[in-house]
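Written below as structure tokens is the structure these notes are about.
In listed order, ligands and their atoms are each counted from 1. Quick caveat, the model's predicted, so the values are computed rather than measured. Residues: numbered from 1 along the sequence shown.
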Amino acid sequence: MSCSKLFPERSGYEHKICSLHLGAANGSEGLRTARELYPDLILLDYMMPGISGKEVFITLATSEDERLRRTPVVMLTAKTDNHHEQRELLELGMAAYLCKPFGHHELLNVIDNVLITSQIKERNRVLEAESRQSFVSTVRALISLLSIKDNYTGEHSTMTADLAERVARSFNLPDTEVMHIKLGGLLHDIGKIGVPECILCKPGYLSPEEIVVMRQHVHYGEQALAGVPHMETVRAIVKHHHEWWNGGGYPEGLKGEEISLGTRIVTAADAYDAMTSDRPYRRRLSQATAIERLRAAAGLQFDALVVEKLVECLSTYNAEHAPTLSLKFLERLHHAA
Ligand SMILES: [Fe+2]
């Protein structure tokens with residue numbers, strides 16, 4: 001395609017594009033050039049010798065190279081009767097579809113609009129990356145604070161999150177919901193930052209007065225997350241992870257399915273990990289004993305279906321190999337949020 005034919009004098013794009021020799025005689029050459037030079041924009045003829053414009057675009061749109069995938073492509077074509085295909089290509093990410101004949105001004109207007117949109121998308125991408133980094137840092141800071149205050153609760157939260165994710169997946173829940181449940185597992189006890197250490201780390205059973213103070217952690221946690229966007233599921237888990245299936249829990253005495261599934265999952269995972277961990281006032285229970293206790297409390301404290309799903313997951317679960325709080329995991333959480 002001849003650049004001088006497409007871009008008249010004073011178009012504003014003539015030197016920028018043509019001086020870089022970005023023209024290509026066919027699709028294969030165009031792909032090679034795109035991979036070498038990463039142009040700001042690609043104008044593509046639909047009908048070309050060798051591979052078609054459509055094939056070139058699909059190769060770019062499905063490339064492993066993110067920069068190529070993001071390059072805006074404008075298809076130029078004489079075919080005017082293929083609306084279905086046009087829609088298909090636009091859905092695949094094609095920036096614009098321009099049917100011949102068109103004038104220079106029309107083409108330049110399309111190019112202007114596509115480049116402006118591309119710049120806005122790039123800016124959004126940068127903002128998204130900054131927002132992701134900020135989210136990851138905030139969650140890490142919260143868990144670090146909790147670990148400093150009470151190392152057991154920090155580790156226990158990571159284990160609970162890992163187990164809750166496995167159980168959530170066994171319910172075939174959407175990935176976004178699974179990630180929220182996992183984040184709920186991670187942050188469920190975050191309110192313990194507000195509980196005095198003499199109670200939080202007491203090497204023995206708590207007095208009735210101390211229990212009242214300890215129970216405040218569900219409110220502290222919920223309040224800490226108030227106003228954080230897209231955290232409704234997580235806040236519900238934080239607030240209600242001590243509710244019981246039979247209504248005997250706190251803070252609101254919710255029962256059965258009034259408690260969200262995500263919360264019921266975290267509640268069971270939380271109890272299992274607590275039972276199988278060493279505490280100052282008792283040794284850890286074996287997996288078999290912990291399962292026995294979970295089953296004994298199914299229908300009372302726990303959702304019986306969740307208990308059975310958790311027991312199924314435990315048959316292939318090795319707590320020793322549970323992942324730690326990885327950057328990748330937190331980034332996935334941010335995408336889901
Ligand atoms: Fe708790």
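Using a 4.0 Å cut-off between charged nitrogen and carboxylate oxygen, Lys100 and Asp45 count as a salt-bridge pair. Ionic pairing of Arg125 and Glu122 is present here: one or more N-O contacts between side-chain nitrogen and carboxylate oxygen are shorter than 4.0 angstrom.
Inspection of the Glu243 and His240 side chains reveals an N or O donor paired with an N or O acceptor under 3.5 Å.
Taking the ring axis of Tyr46 as reference, the NZ or CZ atom of Lys54 does not stay both within 45° of it and closer than 6.0 Å to the ring centre.
Between Ile265 and Ala164, the shortest heavy-atom distance links the atoms CG2-O, 3.6 Å.
Of all protein atoms, those that are N, O or S and lie under 2.8 Å from the Fe ion (ligand 1) total 4.
Applying the ring pair (Phe, Tyr, Trp, His ring centres under 6.0 Å) test to pairs two or more places apart or on separate chains, those with a residue in residues 207-229 are His217-His241, His217-His242.
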